[in-house]
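To keep things clear, I will list the structure first and then write my remarks on it.
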Amino acid sequence: MEFISLLFMLFFVSILLVFLFHSIFKFFDFNPRNLPLPPGSLGWPYIGKTFQLYSQNPNVFFASKLKRYDSVFKTHILGCPCVMISSPEAAKFVLVTRAHLFKPTFPASKERMLGKQAIFFHQGDYHAKLRKLVLRAFVPEAIKTTVCDIESIAKDSLKSWEGRIINTFQEMKTYTFNVALLSIFGKDEFLYREDLKRCYYILEKGYNSMPINLPGTLFNKSMKARKELAQILAKILSSRRQMKLDKNDLLGSFMGDKEGLTDDQIADNIIGVIFAARDTTASVLTWILKYLGENPSVLQAVTEEQEDIVTSKEKGGEEELLTWADTKKMPITTRVIQETLRVASILSFTFREAVEDVEYEGYLIPKGWKVLPLFRNIHHSPEIFPDPEKFDPSRFEVAPKPNTFLPFVQIQNALLSSL
Ligand code: HEM
C-alpha cells in the first residue's frame with residue numbers, strides 16, 4: 001500500500017515539474033510574433049488606405065482613426081503596412097529610447113537625388129559622426145559672430161520688397177537660401193553663389209517629380225543639376241585646400257574631421273543640409289507672418305520688444321548692428337516662434353522602419369513595417385495643449401511637458417539645449 005502511495009506521489013510531483021518547466025520555458029521563449037497587431041484596418045491589398053488618405057484632408061484622416069483606435073493604430077498606405085503613433089510616450093519610444101530598433105527610411109529616388117551618403121539615410125557610427133560635425137558648425141560659439149551678417153541679409157531682403165507685391169513663401173525661400181549659404185560656406189564662396197543657386201533651384205523642382213530618368217523629364221534635369229552641384233562643391237573644396245583655409249562654418253567642420261570624410265560624403269551632406277534647412281525655415285517664417293497678421297495684439301507685443309532693443313542700443317551709444325546678446329532679449333518673439341512651430345507643425349510626421357519585430361504596449365510592430373510618429377496630432381491634442389487650434393504664444397511661458405513639443409526631433413533639439 002505504502003509503495004502505491006509513493007508511486008502516486010512521484011507521479012503527481014513529476015506532473016507538477018513538467019508543468020512548471022513548460023511554463024518557465026514558455027516565459028523565456030517569449031516571441032513577439034505571438035502578440036496581436038495594433039487595431040485598425042489594412043484595407044485592400046497593396047492599395048490599402050491610400051485613396052482614403054489622398055481623397056481627404058490628411059488631418060481628417062488621422063483624426064478619425066485616432067478617435068476610433070486611440071494613439072496607436074495600423075493602416076496601409078502607398079504600398080506599405082504602417083503603424084501610426086500619436087502619443088508622446090510612443091514618439092519617445094520610437095525616436096529616442098528604442099531608436100536603434102527603427103531605421104530612417106526614404107524612397108530610393110530621394111536618396112539618389114540628395115546623395116546616398118547624406119545624414120538622413122544612416123544610423124550608427126557614421127550618422128553619429130555627421131551629427132557631431134553638423135552640430136559643431138551651429139553651436140553658439142560658431143554662430144555668434146554671424147548674427148550681424150544674417151541681419152544684413154534680412155535688411156537686403158526687406159529693401160528688395162519695397163514697392164512691390166511679393167509671394168511671401170518664395171521670398172522667404174530666397175532669404176533662407178542666402179542664410180544657408182552663409183552658414184555653410186562663410187562669406188568667401190561669393191564667386192560660386194549664383195551657380196549654386198541656379199543648380200539647387202533646378203534640383204529642388206524635380207525633388208517631388210516622378211522618378212523617371214529620361215531626357216527632358218524634371219527628374220532627369222534634377223539629376224543633372226545635382227551632378228553640377230557636386231562639381232561646384234569639388235572646386236570650392238579644392239580652392240580651400242590650396243589656400244589652406246581653416247574655417248568654422250559647416251564646410252570647415254566637414255573638412256576638418258580627423259577621420260576624414262570623402263569629397264562625395266561632403267557634397268552629399270552639404271546638399272542634404274541645404275535641403276533640410278531651407279524650406280522648413282522659410283515655411284515657419286511664412287506662418288509667423290500670417291499669425292502675426294491675424295493677431296494684432298501679439299504683433300504689437302513683438303514690435304515693442306524689438307523696438308526696445310533698438311532704443312536701448314541707441315541710448316547706450318552701441319553700434320546699431322544686431323548681436324548675439326540682443327537675441328537673448330526676445331522672450332516674446334521666441335514664444336511666437338515656438339507657438340508657430342506647434343500650430344503649423346510644418347513636418348506633420350516622420351517615417352521610420354522597424355528593423356526587427358518590436359513589442360510596443362502589448363502589440364507587435366512587425367519587422368519591415370513603417371512607423372509614423374504623428375507630430376501634428378501630438379501638437380494638436382487638447383489634453384496636452386488646451387484649445388489647440390488657438391494661436392496663443394503665452395502657453396509657452398511654461399515649458400511644455402517632455403516629448404509633447406517635437407518640432408525638430410533630433411539635431412535641432414540638441415542645438416537648442418546647447419543655447
Ligand atoms: C524650423 C525649421 C526646421 C524644422 C521644423 C526642422 C525639422 C526637422 C525634423 C522633424 C527632423 C527629423 C526628421 C527625422 O528624424 O525623421 C529634422 C532633421 C534634420 N534637420 Fe531639421 N528642421 C528645421 C531646420 C533645420 C535647419 C536650419 C538645419 C540646418 C542645420 C536642419 C538640419 C537638419 C538635419 C541635418 C537633420 C537630420 C538629423 C539626423 O538625422 O540626425 N534643420 N529636421
Side-chain angles (χ1 to χ4, degrees), residues 104 106 109-122 125-139 142-143 146 149-150 153 173-207 221-282 408 410-412 414-415:
F106 287 82
S109 60
K110 311 282 183 222
E111 284 193 25
R112 271 169 75 197
M113 202 171 274
L114 292 184
K116 283 186 187 324
Q117 309 195 65
I119 182 168
F120 321 103
F121 312 126
H122 294 270
D125 291 348
Y126 178 63
H127 178 259
K129 172 161 122 173
L130 287 169
R131 218 185 207 203
K132 196 185 80 194
L133 296 175
V134 176
L135 279 170
R136 198 163 70 182
F138 289 97
V139 287
I143 58 171
T146 62
D149 297 318
I150 295 174
I153 297 175
K173 274 166 66 160
T174 307
Y175 165 71
T176 50
F177 191 78
N178 288 332
V179 175
L181 289 191
L182 175 78
S183 316
I184 294 169
F185 303 111
K187 284 190 254 178
D188 300 336
E189 267 60 55
F190 189 69
L191 249 180
Y192 300 100
R193 281 197 172 193
E194 286 315 308
D195 283 337
L196 285 167
K197 243 181 223 178
R198 179 180 50 78
C199 292
Y200 185 79
Y201 284 18
I202 302 174
L203 171 77
E204 174 196 70
K205 268 198 191 142
Y207 183 76
K221 285 182 191 159
S222 278
M223 292 304 289
K224 279 190 185 150
R226 203 223 163 277
K227 209 165 158 193
E228 204 183 328
L229 262 181
Q231 285 161 354
I232 302 170
L233 291 171
K235 277 190 209 157
I236 298 175
L237 281 168
S238 130
S239 76
R240 273 211 185 181
R241 282 192 189 115
Q242 271 172 13
M243 292 160 83
K244 298 201 167 40
L245 290 175
D246 186 15
K247 304 255 180 171
N248 65 351
D249 48 35
L250 184 65
L251 184 61
S253 177
F254 284 154
M255 291 177 71
D257 177 37
K258 286 196 189 66
E259 293 143 62
L261 290 179
T262 65
D263 286 7
D264 282 347
Q265 288 172 333
I266 295 179
D268 288 2
N269 282 290
I270 294 284
I271 295 170
V273 167
I274 299 178
F275 179 80
R278 186 190 173 218
D279 282 15
T280 45
T281 317
F408 306 124
Q410 304 188 14
I411 219 159
Q412 301 88 343
L415 272 175

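Scanning all heavy atoms of the two residues, the minimum distance from Pro104 to His122 falls at CG-O, 3.8 Å. For the pair Leu261 and Phe254, the tightest heavy-atom approach, listed with the atom from each and the gap, is CD1-CD2, 3.8 Å. The two residues Lys205 and Ser222 come nearest to each other via the heavy atoms C-OG, 4.4 Å. Residues Arg193 and Gly186 share a closest heavy-atom pair of NH2-O, 3.1 Å. When all heavy atoms of Cys199 and Glu228 are compared, the pair lying nearest together is SG-CD, 3.6 Å. Considering every non-hydrogen atom in both Leu250 and Ala137, the closest pair reads CA-CB, 3.5 Å.
Surrounding NZ of Lys116 are more than 12 heavy atoms belonging to other residues, nucleotides or ligands, all under 6.0 Å away.
Between Ile236 and Leu196 there is a side-chain heavy-atom pair separated by less than 4.5 Å. Counting heavy atoms from C-beta outward, Lys129 and Asp125 have side chains that stay 4.5 Å or more apart. Between Gln265 and Thr262 the shortest side-chain heavy-atom distance falls below 4.5 Å. Side-chain atoms of Phe121 and His127, non-hydrogen and from C-beta on, never get closer than 4.5 Å to each other. Side-chain contact check for Asp268 versus Arg226: some heavy-atom pair is nearer than 4.5 Å. Considering only heavy atoms from C-beta on, Ile270 comes within 4.5 Å of Phe185 through its side chain.
Taking the centre of each ring, Phe177 and Tyr201 come in below the 6.0 Å mark. For Phe275 and Tyr207, the ring centers sit closer than 6.0 Å to each other.
Using a distance-only test at 3.5 Å, with no hydrogens or angles considered, no donor-acceptor pair links the side chain of Thr176 to the main chain of Thr281. In this structure, the side chain of Thr146 does not engage the main chain of Asp149 through any donor-acceptor pair within 3.5 Å. Looking only at distances, a side-chain donor or acceptor of Asn269 sits under 3.5 Å from a matching main-chain atom of Gln117.
From Leu114, atom CG reaches atom CD1 of Ile274 across 10.5 Å, with rounding to the nearest 0.5 Å. With values rounded to the nearest 0.5 angstrom, Asn248 atom CG is found 9.0 Å from Ser253 atom OG. Put simply, CD1 on Ile184 and NZ on Lys247 are 14.5 Å apart, with the number rounded to the nearest 0.5 Å.
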Quick one, Ile271 with Leu233, criterion side chain to side chain contact (heavy atoms under 4.5 Å, CB included). Give me CA distance, side-chain angles, the key distance, then yes/no. CA-CA 10 Å; Ile271 295 170; Leu233 291 171; 4.2 Å; yes
Verdict with supporting geometry, Asp195 and Lys235, salt bridge (Lys or Arg N to Asp or Glu O under 4.0 Å): CA-CA 12 Å; Asp195 283 337; Lys235 277 190 209 157; over 6 Å; no
Could you go step by step and tell me if Glu204 and Asp279 meet the side chain to side chain contact (heavy atoms under 4.5 Å, CB included) rule? CA-CA 10 Å; Glu204 174 196 70; Asp279 282 15; 3.6 Å; yes
Let me see the working for Met255 and Leu251 under side chain to side chain contact (heavy atoms under 4.5 Å, CB included), right down to the final yes or no. CA-CA 6 Å; Met255 291 177 71; Leu251 184 61; 3.8 Å; yes
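We find that Asp249 and Arg240 are joined by a salt bridge, their nearest charged nitrogen and carboxylate oxygen being less than 4.0 Å apart.
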